[in-house]
Novice: 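Attaching a single structure in structure tokens format; questions to follow.
Because the structure is a prediction, the values reported are computed rather than measured.
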Number of protein chains: 2
Amino acid sequence: MGRRTPGSAPTLSDVAQHAGVSLATASRAINGSQTRVVGEELRERVLASARALGYAPDANAQAMARGTTRAVGVIVHDLTDPYFAAVADAMSRAATERDLFLTLATTGNHVEHLAEVVAQLDTLRVRAIVLVGGRWKANQPTADLLSAVDRYVSRGGRVVTIGMEVPGVDSVNVDSEDGARQLARHLHRLGYRSPLILSGPELHSTAVTRSAAFVRALADEGIAVHPDHLISSDFTRTGGAIAMRMALEAGVDVDVAIAMNDVMALGAMAEARANGVAVPQELAFTGFGDIPSLQDVIPSLTTVHIPSSSLATLALNLALDGPGDGTGDVTVPVMLVARDSTPERAG
Amino acid sequence: MGRRTPGSAPTLSDVAQHAGVSLATASRAINGSQTRVVGEELRERVLASARALGYAPDANAQAMARGTTRAVGVIVHDLTDPYFAAVADAMSRAATERDLFLTLATTGNHVEHLAEVVAQLDTLRVRAIVLVGGRWKANQPTADLLSAVDRYVSRGGRVVTIGMEVPGVDSVNVDSEDGARQLARHLHRLGYRSPLILSGPELHSTAVTRSAAFVRALADEGIAVHPDHLISSDFTRTGGAIAMRMALEAGVDVDVAIAMNDVMALGAMAEARANGVAVPQELAFTGFGDIPSLQDVIPSLTTVHIPSSSLATLALNLALDGPGDGTGDVTVPVMLVARDSTPERAG
DNA sequence: TTGTATGCGTTATCAT
DNA sequence: ATGATAACGCATACAA
């Protein structure tokens, strides 16, 4: 067969030679120039040669010659978290749509590696970086991160964050404010009066913002949140469980636990149940995000739907076409999803 | 500030010039050659210049000069599926471990794009491609895919699949055989005697292999599977639900539904319950895979744990260090996880 | 140890 | 319309 020796790859020159044309013509015939056109006959011949040799262009060489790549970088905390998985998946689709490909990086539990990851992507000369925030203990950008972003941007790189504020960087955010309002109104109407708020890490801006939004929204409904009824913990399932345990041990008297995201709610719910609390009769639960696996938990969890797909699409569009100066912030609407974890409460 | 005009990036030449050394010295000082060493003083000066200019190497140029990249390609069906998410996450960690980065591609529902995706990754000259099979309707490699893989391999590329057979390609597989055996034994001991097998697509080799393994394993326990009690459907949650509905409408008399993966089991379980079946008393359920979200479903699902992390690590190692000729197949052990969806059955 | 020069595969700018 | 040829940014064989 036409298999060449391993390690070698047919180059454009090989193709040109095989077709008996110049390198330039081969290039134009295969990857098409915007200015030049190749004659019908030659084009056919070149294409045939390319096929015959099994030619595949070298994207790295193209990147260098063109001065730009077709890669976009995506940074998430942990793909195991359904929220990130959903966003990453949508991002992948959106990228394919625009004929780009994804370089995906996860930071695991190490926020401190964030700057390093950005530098890596910088090295790859990705066209844009989408930084998906949301589960790190703290999401205040460190000096390291800021300078890495700054270097990248100074090279013409584009950055946009999702659910995370970085000075001078465009961002796409969830309308936590409105979500809290919808949920608070719903709970009030159902008869809930003493909420327990399961907040995220105290250093996490989304956690702080969102819980503040809940406190306000509840106040608007005439429901005051007792200071002891706001517990901070990790933005994870375990975090939710721990917060719930703390609440139970403190013997708080509440009728609904409002978690700042779904996984926390699930963790808290499991913990409550494990401690003999009747869910949802004795204690109701709400989440935030509407991750897919929610459809299989019992009772199904009342939550606020975050359209992760538009989140991703908007972020990518913003990254590629936006101003790129931090003035292009976008907020995506959310929607209450009432389910079984918050039954109507008898007075 | 030292911000350069957007679009431009300081190059190694700039650094060399700034430090007053040659290009070669700058290169060696920054990325360290294995043969050459740079004097202490000069190295410092170069590094300082690099820092001062905000220099970041161009990975594309390096790739070209070195003739090799640090990228590995990963192809999954859908990140929204917890199984793929888990594998991809583990892959990301494994890649970081080896100082590589991930180029992630999802095929969505379009198996037919698989060849195209491989060609793309080929273009990028990724060091290796890990193809994670498992949810496509059919996973028989098409001629398109085969030739794309062949071209890539002939260039020195490495391919390994997970849970999918492609001729001449190394693969990492789950020990379905043993998983079926463990589960069958468990079910038999608990008193189950008439199983319903929820299989995957008829064209899907994993589905076929695994259900055959179950039929055998059950037979070994003296349990025969009635032909009508093996239903094929999609490898998805919806597929599971549909299969369950068909079984219910057919009025099958069974005591346990054995799904070929977790999401099918969850879909089937929900469907059964929606149709008034008491779960698990009236009908028990088992899955395969042990995806994380299982901990929040009630009753918790008995399943077979697939160590997705070692799956990913092994695949990557095999891809990078293996023979690369299809003789390096690896099988990873699985483990029964008995939970509440299969209670002991009163004779 | 340091510097010079060449090549990696492609695009783009010139001529022709 | 086609063909030379110069970049692109870096690593390395060779020379000093």
Side-chain angles (χ1 to χ4, degrees), chain A residues 4 7-47 49-50 53-71 122-126 155-156, chain B residues 4 7-47 49-50 53-70 122-127 155-156:
Chain A
R4 304 168 51 90
S8 86
T11 74
L12 195 52
S13 301
D14 297 335
V15 175
Q17 196 159 12
H18 181 105
V21 301
S22 77
L23 183 59
T25 301
S27 173
R28 295 194 271 252
I30 290 182
N31 295 308
S33 156
Q34 22 268 63
T35 52
R36 305 297 178 174
V37 179
V38 179
E40 188 64 21
E41 184 197 359
L42 281 194
R43 139 178 293 123
E44 294 298 341
R45 220 162 68 209
V46 172
L47 260 41
S49 296
L53 296 177
Y55 170 77
D58 183 323
N60 299 295
Q62 290 184 314
M64 208 169 54
R66 297 207 244 247
T68 173
T69 69
R70 300 193 311 127
D122 186 353
T123 272
L124 295 172
R125 300 291 188 263
V126 296
R155 276 186 196 94
Chain B
R4 304 168 52 90
S8 86
T11 73
L12 194 54
S13 303
D14 296 336
V15 175
Q17 196 158 13
H18 181 105
V21 300
S22 77
L23 183 58
T25 301
S27 173
R28 298 194 267 252
I30 289 182
N31 295 308
S33 158
Q34 22 268 63
T35 50
R36 306 296 179 176
V37 179
V38 180
E40 188 64 21
E41 184 197 359
L42 281 195
R43 140 177 292 123
E44 293 299 339
R45 219 160 72 206
V46 172
L47 262 40
S49 295
L53 295 177
Y55 170 76
D58 184 323
N60 300 295
Q62 289 184 313
M64 208 168 54
R66 295 206 245 248
T68 173
T69 68
R70 299 193 312 127
D122 186 353
T123 272
L124 295 173
R125 300 291 188 265
V126 296
R127 274 216 204 148
R155 274 185 197 93

Novice: Closest to the A/V38 side chain: C/dT10, D/dC10, D/dT2?
Specialist: D/dT2
Novice: Could you give the CZ-to-C1' distance, from A/R155 to D/dG9, as a whole number of Å?
Specialist: 13 Å
Novice: With rounding to the nearest 0.5 angstrom, report the CZ to CZ distance, B/R70 to B/R127.
Specialist: 8.0 Å
Novice: Measure from the side-chain N and O atoms of B/R155 to the backbone N and O of A/A9, and report whether any donor-acceptor pair falls under 3.5 Å.
Specialist: no
Novice: Whether A/N31 contacts C/dT11 is assessed here as follows: a side-chain N or O lying under 4.0 Å from the phosphate OP1 or OP2. Is that the case?
Specialist: yes
Novice: Between A/D14 and A/T11, is there a donor-acceptor pair closer than 3.5 Å when you use the side chain of the first and the backbone of the second?
Specialist: yes
Novice: So for B/R28 and C/dG3, does any side-chain atom that can act as donor or acceptor lie under 3.5 Å from a complementary atom in the base?
Specialist: yes
Novice: Measure from the side chain of B/D58, starting at C-beta and using heavy atoms only, and say which of C/dT10, D/dG3, D/dC10 lies closest.
Specialist: D/dC10
Novice: Nearest to the side chain of A/A24, heavy atoms from C-beta on, is which of C/dG9, D/dG3, D/dC10?
Specialist: D/dG3
Novice: Starting at the 5' end of DNA chain C, which residue's closest nucleotide do you reach first, A/S27 or B/V21?
Specialist: B/V21
Novice: What nucleotide among D/dG9, D/dG3, C/dT11 has an atom nearest to a side-chain atom of B/T11?
Specialist: D/dG9
Novice: OP1, OP2 of D/dA4 versus side-chain N and O of A/S22: anything below 4.0 Å?
Specialist: no
Novice: Just compare C/dT11, D/dC10, D/dT2 and give me whichever is closest to any side-chain atom of A/L12.
Specialist: C/dT11
Novice: Select one nucleotide: of D/dA11, D/dG3, C/dC8, the one nearest the side-chain heavy atoms of B/Q62.
Specialist: D/dA11
Novice: What is the distance from CG of B/L23 to C1' of D/dC14, rounded to the nearest Å?
Specialist: 15 Å
Novice: Give the angle between the helix axes at the two ends of the helix from C/dT1-D/dA16 to C/dT16-D/dA1, taking five base pairs at each end and rounding to 10°.
Specialist: 40°
Novice: When the distance from CZ of B/R70 to P of D/dC10 is rounded to whole Å, what number comes out?
Specialist: 14 Å
Novice: Reckon A/L42 touches a base, only the sugar-phosphate, or nothing at all at heavy-atom distances under 4.0 Å?
Specialist: sugar-phosphate
Novice: If I compare all heavy atoms of A/A59 with all of B/L124, which pair ends up nearest, and what's the gap?
Specialist: CB-CD2, 3.6 Å
Novice: In Å and rounded to the nearest 0.5 Å, what is the CG to CD distance from A/L42 to A/E40?
Specialist: 10.0 Å
Novice: When the distance from CZ of B/R66 to P of D/dT12 is rounded to whole Å, what number comes out?
Specialist: 7 Å
Novice: What is the distance, rounded to the nearest whole Å, between atom CE of B/M64 and atom C1' of C/dT10?
Specialist: 7 Å
Novice: Can you tell me which residue among A/Q62, A/R66, A/R125 is in a side chain to side chain contact (heavy atoms under 4.5 Å, CB included) with B/N60?
Specialist: A/R125
Novice: Rounded to whole angstrom units, what separation is found between the CZ atom of B/R125 and the C1' atom of C/dC8?
Specialist: 12 Å
Novice: So, B/S27 side chain and B/L23 main chain: donor-acceptor pair closer than 3.5 Å or not?
Specialist: no
Novice: Whole-Å distance between C/dG9 C1' and A/I30 CD1?
Specialist: 12 Å
Novice: Give a yes or no on whether the backbone of B/V21 and the side-chain of B/T25 come within a donor-acceptor separation of less than 3.5 Å.
Specialist: no
Novice: Out of D/dA11, C/dG3, C/dG9, which has the shortest distance to the side chain of B/T25?
Specialist: C/dG3
Novice: Separation of A/E40 atom CD from D/dT2 atom C1', in whole Å?
Specialist: 16 Å
Novice: B/G39 near the nucleic acid: base, sugar-phosphate alone, or nothing, with a heavy-atom cut-off under 4.0 Å?
Specialist: sugar-phosphate
